[in-house]
**Student:** 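Below is the structure I would like to discuss, written out as structure tokens.
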Amino acid sequence: MITAMHQELRSAVRELCQTFPDSYWRELDAKREYPSAFVRALTDAGYLAALIPEEYGGAGLGVTEASVVLEEINRSGGNAAACHAQMYTMGTLLRHGSERQKREFLPKIASGELRLQAFGVSEPTTGSDTTQLKTLAVRKDDKYVVRGQKVWISRAEYSDLLLLVVRTTPIEEVKKRTDGLSILLIDMRQAIGRGLTIRPIRTMMNHATTELFFDDLEVPVDTLVGEEGRGFRYLIDGLNAERILIAAECIGDGRWFVERASRYAQDRVVFSRPIGQNQGVQFPIARAYVNVEAADLMRFRAATLFDRGEACGAEANMAKLLAADASWEAANVAVQTYGGFGFAEEYDVERKFRETRLYQVAPISTNLILAYVAEHVLGLPRSY
Ligand SMILES: Cc1cc2nc3c(=O)[nH]c(=O)nc-3n(C[C@H](O)[C@H](O)[C@H](O)COP(=O)(O)OP(=O)(O)OC[C@H]3O[C@@H](n4cnc5c(N)ncnc54)[C@H](O)[C@@H]3O)c2cc1C
């Protein structure tokens with residue numbers, strides 16, 4: 001499972017990340033600024049093009065390798081959320097886009113000339129109930145007219161392209177609620193101010209997330225990815241990759257928390273001995289480590305199935321749940337181990353704590369994963 005290539009990749013990403021130390025992320029966090037220099041360096045080194053086939057200028061690697069890249073970013077103390085979407089959104093274009101779209105966009109995404117960092121699914125009134133989403137694209141001659149609203153669309157201000165999920169047939173007119181959804185690849189450089197408005201949302205961590213308003217935005221029909229009405233199927237394919245990659249980020253976070261907590265527990269002397277000599281301090285760190293390692297096995301199992309082109313919905317969901325739980329447990333343990341210093345900005349534990357908390361909720365909340373496992377793996381009645 002751990003190949004020499006993975007080790008090389010890990011070391012190379014780690015080396016790049018070392019040039020962006022804790023202080024870099026801490027200062028950006030305080031100002032809620034996007035890590036442009038880091039994303040540029042990652043792009044220039046070719047890592048964000050890991051999943052783009054070589055014929056389109058990328059590295060032609062799998063989700064397994066891409067997940068190693070993102071894991072190492074988080075393990076180094078950084079936050080891959082600034083750029084992870086480029087990896088999984090690109091897959092939708094690759095698998096379902098036309099040859100023209102692939103030739104036009106993929107080489108430019110690989111070189112960094114174009115950024116595909118924004119993915120628009122969530123809406124304010126429908127939440128996790130994706131098939132109920134209301135943003136509508138109505139065909140008018142050789143255009144689609146888009147009307148609606150999205151929320152939590154991250155990195156929209158730092159992306160040129162937006163992969164947008166819309167309804168092209170109203171839900172009342174389809175047989176199955178999963179029918180009638182479509183995916184548009186929108187060039188935001190031409191859309192802003194002509195029907196698209198982006199409004200930033202400030203959150204508890206530095207995440208560059210936004211609300212998007214579509215007021216009769218006109219886009220050419222050839223922005224459609226794949227066939228009209230089949231967008232839900234395309235979305236599901238991409239979501240498995242997203243879950244695996246984010247699981248890997250959580251693994252990276254978990255390892256960062258365990259390493260920092262272990263180091264601090266060695267160094268901090270109270271009652272004339274290292275606090276880590278107390279079982280009450282060392283056992284929670286050891287347990288967090290065990291859980292991170294266990295979650296990592298599911299992450300690799302899911303990634304291997306994905307890369308073989310096999311069904312991996314259950315494994316991708318379980319990897320995301322286990323890894324998010326393990327990183328959250330490790331985050332709490334790190335804060336507890338640091339005592340008061342766990343709350344001090346200069347130690348970065350509180351920043352990483354806020355960052356990893358997100359993965360209990362996004363890109364899919366824990367309850368929805370459990371509902372998936374209950375229904376699709378265990379055959380229990382659908383609960384919602
Ligand atoms: C910082 C951030 C960045 C994000 N980035 C993006 C992005 O780039 N693109 C994008 O499209 N979206 C993005 N999201 C949205 C994210 O995917 C959603 O927040 C997430 O899917 C949960 O949806 P919701 O917030 O609407 O919660 P809701 O669906 O309103 O759910 C609220 C709570 O109720 C629970 N719940 C709901 N229904 C059930 C049920 N049937 N059974 C049990 N529990 C239930 C949920 O588990 C959750 O805990 C982002 C969110 C955040 C916070």
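Both counts, for ligands and for their atoms, begin at 1 and track the order of listing.
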**Student:** Is ligand 1 under 4.0 Å from a heavy atom in the side chain of Met205, in the backbone, in both, or in neither?
**Tutor:**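 Within the 4.0 Å criterion, Met205 contacts ligand 1 through side-chain atoms alone.
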**Student:** Could you find the nearest protein heavy atom to atom 10 (C) of ligand 1 and give me its residue, atom name and distance?
**Tutor:**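 Closest protein heavy atom to atom 10 (C) of ligand 1: Ser122 OG, 3.4 Å.
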**Student:** Strictly below 4.0 Å, N to O, side chains only: are Asp29 and Arg354 in salt-bridge contact?
**Tutor:**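 Result for this pair is yes, salt bridge flagged.
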**Student:** Can we say Lys143 and Asp141 salt-bridge, meaning some charged N sits less than 4.0 Å from an Asp/Glu carboxylate O?
**Tutor:**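 The answer is no: the pair does not qualify as a salt bridge.
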**Student:** Would you call the rings of Tyr372 and His376 parallel, tilted or perpendicular if under 30° counts as parallel and over 60° as perpendicular?
**Tutor:**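 Geometry flag for His376 against Tyr372: tilted rings.
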**Student:** Which residue holds the protein heavy atom closest to atom 41 (N) of ligand 1, what is that atom called, and what is the gap in Å?
**Tutor:**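 Sorting protein heavy atoms by distance from atom 41 (N) of ligand 1 puts Tyr384 CB, 3.3 Å first.
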**Student:** Going by an N to O cut-off under 4.0 Å, is there a salt bridge joining Arg255 and Glu259?
**Tutor:**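 Looking at Arg255 and Glu259, the cut-off is not met.
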**Student:** Going by the closest heavy atom to atom 37 (C) of ligand 1, which one wins out of Leu368, Leu163, Val165, Asn367?
**Tutor:**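 The nearest heavy atom belongs to Leu368.
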**Student:** Just jot down the ligand 1 atoms closer than 4.0 angstrom to any heavy atom of Gly127, in number order.
**Tutor:**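 Numbered from 1, ligand 1 contributes 26 (O), 29 (O).
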**Student:** Assess whether a salt bridge exists between Arg194 and Glu218, defined as any Lys/Arg side-chain N lying under 4.0 Å from an Asp/Glu carboxylate O.
**Tutor:**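 Result for this pair is no, no salt bridge flagged.
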**Student:** Name the residue from Ile109, Thr223, Ile186, Thr89 that meets the side-chain contact (heavy atoms from CB on, under 4.5 Å) definition with Leu161.
**Tutor:**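 That would be Ile109; it is the only one of Ile109, Thr223, Ile186, Thr89 passing the side-chain contact (heavy atoms from CB on, under 4.5 Å) with Leu161.
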**Student:** With a 4.0 Å cut-off, strictly under, does atom 33 (C) of ligand 1 pick up any protein heavy atom?
**Tutor:**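 Given the 4.0 Å cut-off, atom 33 (C) of ligand 1 does not count as touching protein heavy atoms.
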**Student:** Could you check Arg199, Glu157, Lys150 and say which one makes a side-chain contact (heavy atoms from CB on, under 4.5 Å) with Thr210?
**Tutor:**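 Only one of Arg199, Glu157, Lys150 forms a side-chain contact (heavy atoms from CB on, under 4.5 Å) with Thr210, namely Glu157.
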**Student:** Distance below 4.0 Å between atom 46 (C) of ligand 1 and any protein heavy atom?
**Tutor:**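 Given the 4.0 Å limit, the answer for atom 46 (C) of ligand 1 is yes, a protein heavy atom qualifies.
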**Student:** Name the residue from Arg299, Glu72, Glu249 that meets the side-chain hydrogen bond (donor to acceptor under 3.5 Å, both in side chains) definition with Ser67.
**Tutor:**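 Exactly one candidate clears the test, Arg299.
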**Student:** Could you tell me whether Trp152 approaches ligand 1 through its side chain, its backbone, both or neither, with non-hydrogen atoms closer than 4.0 Å?
**Tutor:**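 The answer is both.
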**Student:** Tell me whether the guanidinium CZ or amine NZ of Arg382 lies under 6.0 angstrom from the six-membered ring centre of Tyr384 and within 45° of its axis.
**Tutor:**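 Relative to the ring axis of Tyr384, which defines the angle, Arg382 lies inside both limits.
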**Student:** When you measure from atom 21 (O) of ligand 1 to the protein, is at least one non-hydrogen atom found at a distance under 4.0 Å?
**Tutor:**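 Yes, at least one protein heavy atom sits under 4.0 Å from atom 21 (O) of ligand 1.
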**Student:** Pick whichever of Ala118, Ser128, Ala85 has a heavy atom sitting closest to atom 23 (O) of ligand 1.
**Tutor:**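 Looking at heavy atoms only, the winner is Ser128.
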**Student:** Tell me the nearest of Leu358, Thr130, Asp129 to atom 2 (C) of ligand 1, using heavy-atom distances.
**Tutor:**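 Residue with the shortest heavy-atom distance to the ligand atom: Leu358.
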**Student:** Can you tell me the protein heavy atom closest to atom 48 (C) of ligand 1 and the distance?
**Tutor:**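 Nearest neighbour among protein heavy atoms for atom 48 (C) of ligand 1, to 0.1 Å: Ser365 OG, 4.0 Å.
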**Student:** Purely on distance, is any nitrogen or oxygen of Phe119 under 3.5 Å from one on ligand 1?
**Tutor:**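 Yes; the residue has a nitrogen or oxygen that sits under 3.5 Å from a nitrogen or oxygen of the ligand.
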**Student:** So, for Tyr347 and Arg260, which heavy atoms are closest and what is the spacing to 0.1 Å?
**Tutor:**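 What the structure gives for the nearest pair is O-NH1, 4.4 Å.
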**Student:** Going by distance only, is there an N or O of Val121 that falls short of 3.5 Å from an N or O of ligand 1?
**Tutor:**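 So ligand 1 has an N or O lying under 3.5 Å from an N or O of Val121.
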**Student:** Look only at interatomic distance and state if Ser154 has a nitrogen or oxygen under 3.5 Å from any nitrogen or oxygen of ligand 1.
**Tutor:**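 The answer is yes, given that Ser154 and ligand 1 share an N or O pair closer than 3.5 Å.
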**Student:** Look at atom 17 (O) of ligand 1 and say which protein heavy atom is nearest, naming residue and atom and giving the distance to 0.1 Å.
**Tutor:**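 Looking only at protein heavy atoms, the one closest to atom 17 (O) of ligand 1 is Pro363 O, 3.1 Å.
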**Student:** Quick check against the 3.5 Å criterion: does Asn206 have a side-chain atom that pairs as donor or acceptor with the backbone of Glu33?
**Tutor:**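 Checked: pair present.
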**Student:** Which atoms of ligand 1 are found less than 4.0 Å from any heavy atom of His207?
**Tutor:**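 Near His207, the atoms of ligand 1 are 1 (C), 3 (C).
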